Amino acid sequence: MFLGPPGAGKGTQAERLKADLGLTHLSTGDLLRDEVKRGTPLGLEAKRAMDAGELVPDAVVVGMIRDRLVGDAAANYLLDGFPRTIGQAEALDAMLAEKRAPIEHVLLLSVPREELVRRLGGRWLCRNCGKSYHETFAPYGGEPCEATGGKCDLYQRDDDRSDAVANRLNVYEAQTAPLVDHYGGRGLLRRIDGERGQDEVYGQIASAIQGG
Ligand code: ADP
Ligand code: ADP
């Protein structure tokens, strides 16, 4: 599980980790954006909260994760952006007990707030493969898109360009940061210095997972 504020590098590191370890990547942000794009009832309900940088209600995201986790035979998951509240963490505990699947690692990516603002303000994402780039820190170099083989089709998220950024960072502090104690108390949490370069961050993650 990745914990950490918006812009900490969860999506970036998840891409690498899932490729190296063959994990099923579950990102509630990606799942919600897909619902919005398809104009489903769930997407319509979620959109207002997402545009404002607020959290979507627990029942909605928990239902979405339950549909994918429970009854699915896939062995290993990487949770990215979920859980984000204590209520979601408790619902996850119940689902995993049902599945008889323990949480193995909780990796907290820490990055100072000013750096998060810089990262979110310059983030560009591919519409097709979902990869994150940054106009200064990780510019797109024309490499083939992992989904289409053509060029990546880059766009900026509306909630990265608006007042929603400050709100998302405040919401993280108020509602998600308490999960640090929730998992820390169980001895599952490892802190990763997310301010380093992408390769160095990945190295810290790899060694945390290997118990180093
Ligand atoms: P970031 O990676 O920038 O933190 P995400 O893509 O994870 O953003 O999430 C985008 C938005 O989707 C959030 O601001 C929130 O509105 C909604 N969202 C994503 N995951 C959750 C969740 N677990 N609980 C509630 N809302 C969520
Ligand atoms: P999250 O999923 O946690 O919201 P992302 O992985 O989308 O974060 O990263 C946010 C932005 O920061 C993206 O533009 C990404 O290219 C950039 N980024 C990610 N990791 C680093 C890093 N270690 N150093 C500098 N920029 C980074």
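Residue numbers count from 1 along this sequence. Quick caveat, the model's predicted, so the values are computed rather than measured. Order of listing sets the numbers, starting from 1, for every ligand and every atom in it.
- At a 4.0 Å heavy-atom cut-off, ligand 2 touches Arg196 through the backbone alone.
- Between the CD atom in Glu115 and the CG atom in Leu120 there is a gap of 10.0 Å [rounded to 0.5 Å].
- For ligand 2, the atoms sitting less than 4.0 Å from at least one non-hydrogen atom of Tyr133 are 13 (C), 14 (O), 16 (O), numbered in the order shown with element in parentheses.
- Here the side chain of Gln88 pairs no donor or acceptor atom with the backbone of Phe82 at under 3.5 angstrom.
- Each of the following atoms of ligand 2 lies closer than 4.0 Å to a heavy atom of Phe137: 25 (C), 26 (N).
- One finds a salt bridge joining Asp158 and Arg161 here, because a Lys/Arg side-chain nitrogen approaches an Asp/Glu carboxylate oxygen to under 4.0 Å.
- For ligand 1, the protein residues placed under 4.0 Å by at least one non-hydrogen atom are Pro6, Lys10, Thr28, Gly29, Leu32, Arg33, Met50, Glu54, Leu55, Val56, Val61, Gly81, Phe82, Arg84, Gln88, Arg123, Arg157, Arg168.
- For the pair Asp20 and Arg16, the salt-bridge criterion is not met [side-chain N within less than 4.0 Å of a carboxylate O].
- Ion pairing of Asp160 with Arg119 is absent here, as no side-chain N (NZ or NE/NH1/NH2) approaches a carboxylate O to less than 4.0 Å.
- With Asp80 contributing its side chain and His25 its backbone, the two residues share no donor-acceptor pair below 3.5 Å.
- In this structure, the side chains of Leu21 and Leu78 stay at 4.5 Å or more apart for every pair of heavy atoms.
- Side-chain N or O atoms of Tyr202 include none that pairs as donor or acceptor with a backbone N or O of Ile205 at under 3.5 Å.
- Remark: ligand 2 atoms within the under-4.0 Å shell around heavy atoms of His134 are 14 (O), 16 (O).
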